[in-house]
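All chains are named by letter (A, B, ...) in the order of the sequence lines, taking the proteins before the strands, and each is independently numbered beginning at 1. Computed from a prediction, not measured in an experiment: that's the story for all the values here.
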There are 2 protein chains.
Amino acid sequence: MIVAIDRTVIKSFALFDSLADDELDRLLAHAVARRVPLGGAVFEQGAPADHFFLLLNGHLKVTQVTEDGQQIIVRVVHPGDLFGFAEALRRPDYPGSAIAAAESLVLSWPNDLWPRFVEKSPGLAVSTMQAIGQRLEEAHTRIREMSTQEVERRVAQVVLRLAKKAGRSEAGGIRIDFPISRQDIAEMTGTTLHTVSRILSAWEAAGLVEGGRQKLKVTNLTGLTEILTRTKP
Amino acid sequence: MIVAIDRTVIKSFALFDSLADDELDRLLAHAVARRVPLGGAVFEQGAPADHFFLLLNGHLKVTQVTEDGQQIIVRVVHPGDLFGFAEALRRPDYPGSAIAAAESLVLSWPNDLWPRFVEKSPGLAVSTMQAIGQRLEEAHTRIREMSTQEVERRVAQVVLRLAKKAGRSEAGGIRIDFPISRQDIAEMTGTTLHTVSRILSAWEAAGLVEGGRQKLKVTNLTGLTEILTRTKP
DNA sequence: CGTATTCTTGACTTATATCAATGTCGGTGG
DNA sequence: CCACCGACATTGATATAAGTCAAGAATACG
């Protein structure tokens, strides 16, 4: 499905900062846009990695399922993020699945176009490497958190991060802009939905957040932030 | 300290596969070699990131210290690995410290040489991106393990990985080729030295490993591997 | 409406951390 | 050279955070 693509939107993404208009146009000329309905998959774990993608609109969860059937959420993709970039990992298949957490719009390119783009626009290679480096650092942060912090803090971190990246200002707080379940949060923090539920209930009682079925609103940002700095008794 | 560098050794590293001899020579012409004694730091967390590095020889631990003083080992660097590549992370400082776990030999280049290298040798950019992608995938693997696996398995994973990457075949098993403490293993797996000690003691009793002060030898590789596949009762 | 998710909450279990004590190795200096 | 010191390791006892098991309530959906 081809859709008219607004160049100015894409130009606003940090990834394409360095590109001149004509370079960007060349890139877009080869892109295919695709609308993904809520719950739909852009690609599935294990499938041959023949394309790479850019999220224009919406939100995606990238999930992995372990051999024994446990699922984790590797990352959440927000507009402007590159994803499904398996070639960088020297992999023939996608290491996870990309599922639309909200109705989304993605651009895709065939993998074999990448070398040509880089040749014509070296700045793109640098931006991309920085984007991947950024993600590496995020992964290290998450490892550090999982190693040293208790569950409640990790949940607070994740919620704050989501509020920042996918928050919509609203009367009385910041609403997470897509449906998110306790299970999802558990899979992002390495815990169980039960523990997440208990934590959110406690927070709700303390007036920090407002919950609901696949809904979450942060009503007291500073209060939540204080949980991060809280020191063991 | 400048040392004569053996081109053939470096050419054997996957990172430089794609480079022609003259490209490699140009690279090496600008490199500075430095010997790092056991316990010495190649760079320290928070220091301005003005160089990037290649490990020729030895082994390094890259550590991070959290604000509240807890330390974790982010990764272990083996010969042929690029490290201290902060520019890719778009960071002005090093996010961790690189400490020699054994007497080591590193090559270093000033950051600002990087763009010139890439311009002359585009293959280098691709290799580097793949190297970083590889590390991203490793980080995701670690996150997955920390989310879903119990401590004993994680320790088994780490020990097996070390045996593979830094193992020296020896009478009766595979010895980890550098001094490694229980504390180190704990910092790699997100647990405490006490728990690691107990696990290794149990393994020793079962004839899987042989321990010792900062020493570790895997005496039954297949037995250890079975721990990974062991299913919950 | 009834059926299926999602969420909540209580009771109980357990893996792992914490606390505490002691043991052992290996290098250093008297 | 040997005694001592500091770093590393072991091991037991106890505490606790978080997981598991179980039941039910709330919400969305066809």
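- Within 4.0 Å (heavy atoms only), A:Ser197 reaches at least one base atom of the nucleic acid.
- Rounded to whole Å, atom P of D:dA18 lies 13 Å from atom CE of B:Met146.
- Distances shorter than 4.0 Å separate none of the side-chain N or O atoms of A:Thr191 from OP1 or OP2 on D:dA18.
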side-chain hydrogen bond (donor to acceptor under 3.5 Å, both in side chains) for B:Gln134 and B:Gln130? Distances and angles first, verdict last.
CA-CA 6 Å; B:Gln134 187 79 32; B:Gln130 286 180 343; over 6 Å; no
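- Protein atom CD1 of A:Ile185 is 14 Å distant from nucleotide atom C1' of C:dT8, rounded to whole Å.
- In this structure, the CG atom of B:Leu38 is 14 Å from the C1' atom of C:dG27, given to the nearest Å.
- Using bins of under 30°, 30° to 60° and over 60° for the plane-to-plane angle, the ring pair A:His78/A:His59 lands in the perpendicular bin.
- The distance from atom CD of B:Glu204 to atom P of D:dA9 is 12 Å, rounded to the nearest whole Å.
- The distance from atom CD of B:Glu210 to atom C1' of C:dC25 is 17 Å, rounded to the nearest whole Å.
- Each of B:Leu55, B:Val76, B:Ile99, B:Asp81 was evaluated against B:Leu60; a single residue qualifies, B:Leu55, per the side-chain contact (heavy atoms from CB on, under 4.5 Å) test.
- Rounded to whole angstrom, the span from the CG atom of A:Leu216 across to the P atom of C:dT6 amounts to 16 Å.
- Annotation: proximity of residues 170-183 of chain B to DNA chain C (heavy atom, distance under 4.0 Å) is found for no residue.
- When the local axes at the two ends of the helix from C:dC1-D:dG30 to C:dG30-D:dC1 are compared, using 5 base pairs at each end, they differ in direction by 30° after rounding to 10°.
- Atom pair B:Ile199:CD1 and C:dA15:P shows a separation of 12 Å (rounding to whole Å applied).
- One can find a donor-acceptor pair under 3.5 Å joining the base of D:dG12 and the side-chain atoms of B:Arg198.
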Nucleotide by nucleotide, 5' to 3', does protein get under 4.0 Å of the base (B), only the sugar-phosphate (S), or neither (-) in nucleotides 23-30 of chain D, counting heavy atoms?
---BBS--
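- In this structure, CG of B:Leu193 is placed 13 Å from P of C:dC19, rounded to the nearest angstrom.
- A donor-acceptor contact shorter than 3.5 Å is absent between the side chain of B:Arg142 and the backbone of A:His140.
- Side chain of B:Thr189 to backbone of B:Ile185: a donor-acceptor contact under 3.5 angstrom is found.
- Each of A:Phe43, A:Phe83, A:Phe85 was compared with A:Tyr94 under the side-chain contact (heavy atoms from CB on, under 4.5 Å) criterion, and only A:Phe43 meets it.
- Of the possible donor and acceptor atoms, one in the side chain of A:Ser97 sits under 3.5 Å from a partner among the backbone N and O of A:Gln45.
- Within the 3.5 Å criterion, the main-chain N or O of B:Gly211 finds a donor-acceptor partner in the side chain of B:Glu204.
- A donor-acceptor contact shorter than 3.5 Å is absent between the side chain of B:Arg168 and the backbone of B:Asp177.
- B:Arg153 places a side-chain N or O within donor-acceptor distance of the main-chain N or O of B:Arg230, the cut-off being under 3.5 Å.
- For the OP1/OP2 pair of C:dA17 and a distance below 4.0 Å, the side-chain nitrogens and oxygens of B:Thr192 include at least one atom meeting the criterion.
- For A:Ser201, a side-chain nitrogen or oxygen approaches OP1 or OP2 of C:dT9 to under 4.0 Å.
- The side chain of B:Gln214 lies closest to D:dC8, out of D:dC8, D:dG19, D:dA18.
- With hydrogens and angles ignored, the 3.5 Å screen pairs a side-chain donor or acceptor of A:Thr219 with a backbone N or O of A:Leu208.
- In summary, A:Lys215 and A:Glu170 do not engage in a salt bridge, as defined by a charged side-chain N under 4.0 Å from a carboxylate O.
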